[in-house]
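Everything numeric here is computed off the predicted structure, so don't read it as measured data.
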Amino acid sequence: MSLTVLTSTYRLRSLCRLQRIQSHMMSSHVEPEVLLEKVGRVGVITMNRPKVLNALNLTMIRQIYPQLKKWEQDSETDIIVIKGAGGKAFCAGGDIRAVTEAGKVGDSLAQDFFREEYILNNAIGTCKKPYIALIDGITMGGGVGLSVHGRFRVATEKTLFAMPETAIGLFPDVGGGYFLPRLRGKLGLFLALTGFRLKGRDVQRAGVATHFVESKKIPDLQKELVGLKSPSADDVSRVLDSFQTQSSLDSEKPFVLERHMSDIDRLFGSSSVEGIMQNIKADGSEFAKKQAETLSKMSPTSLKITHKQLQLGASLSLQEVLVMEYRLSQACMRGCDFYEGVRAVLVDRDQNPKWNPSTLEEVSEQSVDQCFSSLGEKDLAL
């Protein structure tokens, strides 16, 4: 069979899969995917896809963004709360499978999804009203983008935070290049490269959440927020502080990475990923061995892009970071590791991606730099 026939067969299959996903998205609209309601003077956004852990798709982004802007301007709305339905997840990430199918066939969803998601991330980061994300449950990838740029992020003992993108040939986007390098020491770079999972109170201790409140107290917290009379950010802060004071669960446990913080700063302090790998291999501790094993599974291209993303992002504004990340998202759409990573981790689930290039040494500086280059008129405009 000729390459042309093979390519068109592959494109046709991907197109059919994309249409199936899209028609399923249309037909499953019996339950609204986002609930937008006013409770007193509080605008409440509830992501309502509990069966898929509230994964964020383009339909949801297109509902949340205009409502957020409307409430921000509305004199009858004092604060905005965002949460997830179902009790398991705030939002486990973006609807990556639909994006990969679109990317394979050149469908515009591969541009639209990232563009509109990042515009929403920026709207959250610049929102003039107090914005409170109740990250009760799994909060990864796109879910981090819906919460971390807001003024208040409330974790519970059920919170599971991670940015696991290097494992699927992507990079910690949604403004990861802004907030990760601003965590203490090299913690953000460590989380970005390894996809390490933080749980419960540790999400706050790392600086990702602003508060920790026990899950069972969240309904009372919401009631108290609704009862506030024209609150300022300070009023909201006082309510959250008081609920945090009442939440003693796990308070005696140290931060999970506390004893490794000096190791993380030392091992991840290199100006290149190869340097980090050399540091880790030379160290020989159990902790270092574990990181070497984790990093060896990640896309070498993703590791290098991510390292540079955080290096640059440390001195950029959120808007500048999102423009940079949009360029990176489209570079990943043009490459092959993203499709292979999604296949290995989410579709076939064999956990055995064949990265190309397969080693760090084969990923040239030039190829990394190209990922950061301007898209001209197709650049993200904020």
Side-chain angles (χ1 to χ4, degrees), residues 90 92 135-141 143-144 147-148 153-167 171-172 176-215 240-241 243-298 302-304 306-307 309-311 313-314 351 360:
F90 169 70
I135 53 173
D136 185 24
I138 301 165
T139 305
M140 295 186 187
V144 175
S147 54
V148 80
R153 291 93 64 189
V154 182
T156 75
E157 72 279 8
K158 297 197 307 197
T159 305
L160 174 65
F161 162 92
M163 293 296 274
E165 287 81 2
T166 56
F171 60 96
Y178 181 76
F179 84 88
L180 288 165
R182 285 165 175 78
L183 301 180
R184 59 177 157 143
K186 292 290 170 187
L187 178 60
L189 182 61
F190 168 76
L191 296 173
L193 296 178
T194 64
F196 185 88
R197 296 176 167 206
L198 291 169
K199 294 173 186 167
R201 205 178 270 274
D202 286 335
V203 180
Q204 185 204 10
R205 289 180 172 138
V208 174
T210 57
H211 291 80
F212 175 84
V213 174
E214 286 166 26
S215 188
L240 295 176
D241 288 347
F243 273 84
Q244 177 167 278
T245 308
Q246 300 162 37
S247 301
S248 58
L249 189 73
D250 295 334
S251 59
E252 75 296 339
K253 288 185 185 168
F255 177 46
V256 67
L257 292 168
E258 199 55 64
R259 63 198 173 100
H260 298 301
M261 280 310 294
S262 58
D263 299 327
I264 288 170
D265 290 348
R266 185 169 45 82
L267 300 174
F268 286 78
S270 176
S271 60
S272 70
V273 183
E274 289 92 334
I276 290 171
M277 290 306 285
Q278 280 166 359
N279 290 347
I280 286 171
K281 283 176 181 153
D283 184 89
S285 67
E286 275 311 304
F287 178 74
K289 279 180 196 159
K290 203 167 181 183
Q291 304 327 310
E293 189 189 336
T294 299
L295 292 171
S296 71
K297 294 174 183 164
M298 305 308 188
S302 288
L303 290 175
K304 285 203 172 181
T306 299
H307 189 274
Q309 172 204 3
L310 266 64
Q311 261 184 333
Q351 311 301 327
L360 286 168

Under 3.5 Å, side-chain donor or acceptor atoms of residues 187-200 against the rest of the protein: list the pairs with distances, not counting sequence neighbours.
{"unit_1": "T194", "atom_1": "OG1", "unit_2": "F190", "atom_2": "O", "d": "2.6"}
{"unit_1": "T194", "atom_1": "OG1", "unit_2": "F196", "atom_2": "N", "d": "3.2"}

Task: Selection residues 267-281 - residue pairs positive for side chain to side chain donor-acceptor pair (under 3.5 Å), sequence neighbours left out - done: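 Sorted pair list: E274-K304.
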Open item on the list: The criterion is side-chain contact (heavy atoms from CB on, under 4.5 Å); which residues satisfy it with S302, sequence neighbours excluded?
Closed with: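 With sequence neighbours excluded, S302 shows a side-chain contact (heavy atoms from CB on, under 4.5 Å) to T166, S299, given in chain and number order.
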Validation row: [X], [Y] side chains within 4.5 angstrom (heavy atoms):
X    : Y    : value
V154 : Q244 : no
L303 : H307 : no
F212 : E157 : yes
T306 : E165 : no

Measure from the side-chain N and O atoms of [X] to the backbone N and O of [Y], and report whether any donor-acceptor pair falls under 3.5 Å.
X    : Y    : result
S285 : A288 : yes
T210 : R153 : yes
E214 : L249 : yes
S147 : G143 : yes

- [ ] Could you tell me the separation between the CG atom of D136 and the CZ atom of F90, rounded to the nearest 0.5 Å?
- [x]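 Here the rounded value is 10.5 Å.
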Open item on the list: Return the OG to NE2 distance between S247 and H211, rounded to the nearest 0.5 Å.
Closed with: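 Taking OG in S247 and NE2 in H211, the distance rounds to 10.5 Å.
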TODO: Could you give me the CA-CA distance, side-chain angles and deciding distance for V213 and Q246, then say whether side chain to side chain contact (heavy atoms under 4.5 Å, CB included) is met?
DONE: CA-CA 8 Å; V213 174; Q246 300 162 37; over 6 Å; no
Write down the atom of [X], the atom of [Y], and the distance for their closest heavy-atom approach.
X    : Y    : result
G176 : P181 : O-CD, 3.5 Å
V203 : A155 : CB-CB, 4.2 Å
D202 : P254 : OD1-O, 4.1 Å
G177 : L310 : CA-CD1, 4.2 Å
D265 : K186 : OD1-N, 2.8 Å
A209 : I135 : CB-CD1, 4.3 Å

TODO: Name all residues meeting the salt bridge (Lys or Arg N to Asp or Glu O under 4.0 Å) criterion together with E258; count only those two or more places apart in sequence or in a different chain, and write none if there are none.
DONE: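 Partners of E258 by the salt bridge (Lys or Arg N to Asp or Glu O under 4.0 Å) criterion, ordered by chain and then number, come out as R184.
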- [ ] List for me each residue that meets salt bridge (Lys or Arg N to Asp or Glu O under 4.0 Å) alongside R266, sequence neighbours excluded, and say none if there are none.
- [x]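 Counting only residues at least two positions away or on another chain, R266 forms a salt bridge (Lys or Arg N to Asp or Glu O under 4.0 Å) with D263, D283.
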TODO: Output, in order, the C-alpha distance, side-chain angles, deciding distance and verdict of side chain to side chain contact (heavy atoms under 4.5 Å, CB included) for L267 and Q291.
DONE: CA-CA 10 Å; L267 300 174; Q291 304 327 310; 5.6 Å; no
Task: Pairing of K289 and E286 as salt bridge, 4.0 angstrom limit - done: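 Looking at E286 together with K289, the answer is yes, because their closest N to O distance falls below 4.0 Å.
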- [ ] Count the heavy atoms of every other residue, nucleotide or ligand shown that sit under 6.0 Å from CD of E293, and state whether that count exceeds 12.
- [x]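 Check fails, neighbour count at 12 or below.
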Task: Any residue meeting ring-ring contact (aromatic ring centres under 6.0 Å, His included) with H260, in chain and number order, not counting sequence neighbours - done: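 Listed in chain order: F287.
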